[in-house]
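Just so it is clear: chains get the letters A, B, ... in the order the sequence lines come, proteins before strands, and each one is counted from 1.
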There are 2 protein chains.
Amino acid sequence: MTPNKEDFIKAIYELGGHEQVVSNKALVKALSISAASVTEMNTRLLKEGLITHLPYQGVQLTDKGLRIANQLIRKHRIWEVFLAEKLGYDWNEVHKDADLLEHVSSDFLIERLNVFLGEPTFDPHGGVIPNKDGTITEIDSTPLIECTVDDQFKIQEVDDQEEFLEYLLYKNVQLGKKYTLVDVEPYDGPLTLEAVDGERTIIGHKAAFKILVDKNV
Amino acid sequence: MTPNKEDFIKAIYELGGHEQVVSNKALVKALSISAASVTEMNTRLLKEGLITHLPYQGVQLTDKGLRIANQLIRKHRIWEVFLAEKLGYDWNEVHKDADLLEHVSSDFLIERLNVFLGEPTFDPHGGVIPNKDGTITEIDSTPLIECTVDDQFKIQEVDDQEEFLEYLLYKNVQLGKKYTLVDVEPYDGPLTLEAVDGERTIIGHKAAFKILVDKNV
DNA sequence: TCTATTTTTTAGTCTACCCTAAAAATATTT
DNA sequence: AAATATTTTTAGGGTAGACTAAAAAATAGA
């Protein structure tokens with residue numbers, strides 16, 4: 001395993017590669033590499049049994065590939081917790097450094113770090129940390145876009161793109177905070193959230209796809 | 001900068017490459033790569049102005065190369081402190097993981113980590129942590145091999161090879177502990193140390209080169 | 001259905017590493 | 001000083017990962 005292969009596996013996973021087929025095009029975009037490089041990497045990972053490949057359609061993770069993806073995400077998220085809680089990183093700053101650290105972390109290191117952090121369940125943007133054995137404890141959450149007016153919920157998890165986290169910081173949307181959806185404008189218009197303290201926040205239509213909420217308030 | 005180049009620069013430094021010329025042979029041994037690979041890496045680093053090269057003699061670090069070496073050692077040693085103090089690694093376990101982590105650590109990360117650790121001065125085997133600007137605060141220490149019978153001292157710094165640290169652990173030689181040198185056998189024979197509690201330890205001649213002591217007790 | 005566009009693959013290069021084997025230069029021994 | 005041994009360099013190859021440009025396949029539109 002090399003850092004590049006690991007990033008590739010992780011990208012496939014994040015594009016839904018366990019259930020669906022992921023196109024080369026999506027990987028080109030996600031990894032910012034050429035289409036030729038994607039084809040090439042596909043053949044390498046295919047040879048190692050980490051993916052299945054349907055020519056001209058795309059790739060899917062095998063169970064072996066999925067296990068590796070989950071291990072990587074575990075490492076990534078444990079590092080994110082460390083950076084945010086111990087080193088005082090903002091939640092939009094953790095991603096880049098965690099992405100580098102995850103590739104050089106032995107299992108020994110990660111387990112020690114996990115204990116040091118008190119065996120956390122979530123990372124700083126609400127992502128569930130996969131278990132040591134590669135399994136995931138599922139959390140009951142709904143994309144905000146699927147909510148209707150008057151729904152009450154708390155913010156469970158948000159997309160971890162640096163730019164998006166900055167946007168949420170600017171909009172003062174916080175993890176764990178309770179809101180009521182008071183308005184959804186038609187024609188993909190903005191959504192208005194009202195916090196328990198009465199503060200209102202208006203967020204864009206597309207942002208509502210990147211926010212997962214817990215309706216069991 | 002790549003991890004390989006960084007390791008190469010660090011190896012030159014550790015072989016005394018700031019003052020003396022370091023031979024290819026020494027680098028072959030230190031890095032466990034072929035002589036041809038050393039020559040090749042030399043030409044790469046020469047082109048980047050990190051070393052000077054005298055054909056058939058060896059290489060030396062430029063000021064630029066030295067600065068990079070010190071930054072790396074700073075990163076390495078700060079990680080060692082973290083692994084030992086926060087994650088409970090034994091002093092012989094820290095080296096391998098620190099060697100990986102040092103190559104993926106941004107300056108931002110290292111400075112945060114440094115503050116989190118309380119701005120330590122020494123790493124777990126007594127090595128001085130270089131300053132942020134690449135300078136080093138020199139410590140007054142003497143190789144144990146240069147001591148004579150009846151000298152009193154405390155252990156200041158020891159070589160950080162995993163195997164050697166295991167040996168010291170077995171011999172119960174501890175950093176900061178005070179000893180008197182009570183015997184040195186001739187013909188490169190063993191040395192006998194006596195701790196303040198009367199406990200005696202006999203160590204091999206070659207080990208005395210790898211231990212630095214502070215005679216100002 | 002046929003054309004046009006998009007996507008994927010193939011072909012050919014490039015760089016950073018690494019290697020072995022042989023040649024050249026330096027050091028050592030006799 | 002010559003022969004031998006050691007060290008360094010050169011020559012030629014290999015792999016992983018990236019690229020561009022062109023060919024092939026699939027999809028979309030008229």
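- The distance from atom CG of L27(B) to atom P of dT6(D) is 20 Å, rounded to the nearest whole Å.
- Remark: I139(B) pairs with F122(B), V128(B), Q156(B) by the side chain to side chain contact (heavy atoms under 4.5 Å, CB included) rule, at least two apart or across chains.
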Donor-acceptor contacts under 3.5 Å from residues 41-54 of chain B side chains, at least two apart:
{"unit_1": "N42(B)", "atom_1": "ND2", "unit_2": "N24(B)", "atom_2": "OD1", "d": "3.2"}
{"unit_1": "T43(B)", "atom_1": "OG1", "unit_2": "E40(B)", "atom_2": "O", "d": "2.6"}
{"unit_1": "E48(B)", "atom_1": "OE2", "unit_2": "K5(B)", "atom_2": "NZ", "d": "2.7"}

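- The residue among E48(B) and I33(B) whose nearest nucleotide of DNA chain C lies closer to the 5′ end is E48(B).
- Between F8(A) and Y13(A), a ring centre-to-centre spacing not shorter than 6.0 Å is recorded.
- Between R74(B) and E111(B) a salt bridge is recorded (basic side-chain N to carboxylate O distance below 4.0 Å).
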H95(B) and E162(B): side-chain hydrogen bond (donor to acceptor under 3.5 Å, both in side chains), yes or no, with the steps? CA-CA 7 Å; H95(B) 194 73; E162(B) 198 167 341; over 6 Å; no

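- Distance NZ (K29(A)) to P (dT7(C)): 11 Å, rounded to an integer number of Å.
- In this structure, K86(A) forms a cation-pi arrangement with F116(A), its terminal cationic atom sitting closer than 6.0 Å to the ring centre and no more than 45° off the ring axis.
- Counting to the nearest Å, the C1' atom of dA16(D) and the CD atom of E6(A) are 14 Å from each other.
- Protein atom CG of L50(B) is 13 Å distant from nucleotide atom P of dA16(C), rounded to whole Å.
- Whole-Å rounding puts the L31(B) CG to dC19(C) C1' distance at 15 Å.
- OP1 or OP2 of dG17(D) has at least one side-chain nitrogen or oxygen of R44(A) nearer than 4.0 Å.
- At a threshold of 4.0 Å, the pair K75(B)-D107(B) counts as salt-bridged, since one of the basic side-chain nitrogens sits closer than that to a carboxylate oxygen.
- For H103(A) and dA16(D), the NE2 to P distance is 18 Å, given to the nearest whole Å.
- Between S37(A) and dC19(D) there is a side-chain N or O to OP1 or OP2 distance below 4.0 Å.
- Phosphate proximity of dA16(D) to N4(A): absent, as no side-chain N or O sits under 4.0 Å from OP1 or OP2.
- Residues from residues 95-102 of chain A placing a heavy atom under 4.0 Å of any atom in DNA chain C do not occur.
- Contacts of E185(A) classified as side chain to side chain donor-acceptor pair (under 3.5 Å), with partners at least two apart in sequence or in another chain: none.
- Here Q60(B) pairs with nothing under the side chain to side chain donor-acceptor pair (under 3.5 Å) rule; sequence neighbours left out.
- A straight line from CG of L45(A) to C1' of dG17(D) spans 12 Å, rounded to a whole angstrom.
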Please write out each protein N/O paired with an N/O of nucleotides 7-13 of chain D under 3.5 Å, distance rounded to 0.1 Å.
{"unit_1": "dT7(D)", "atom_1": "OP1", "unit_2": "K25(B)", "atom_2": "NZ", "d": "2.6"}
{"unit_1": "dT8(D)", "atom_1": "OP1", "unit_2": "N24(B)", "atom_2": "N", "d": "3.1"}
{"unit_1": "dT8(D)", "atom_1": "OP2", "unit_2": "K25(B)", "atom_2": "N", "d": "2.7"}
{"unit_1": "dT9(D)", "atom_1": "OP1", "unit_2": "H53(B)", "atom_2": "NE2", "d": "3.0"}
{"unit_1": "dT9(D)", "atom_1": "OP1", "unit_2": "Y56(B)", "atom_2": "N", "d": "3.3"}
{"unit_1": "dT9(D)", "atom_1": "OP2", "unit_2": "N24(B)", "atom_2": "ND2", "d": "2.5"}
{"unit_1": "dT9(D)", "atom_1": "OP2", "unit_2": "T39(B)", "atom_2": "OG1", "d": "3.1"}

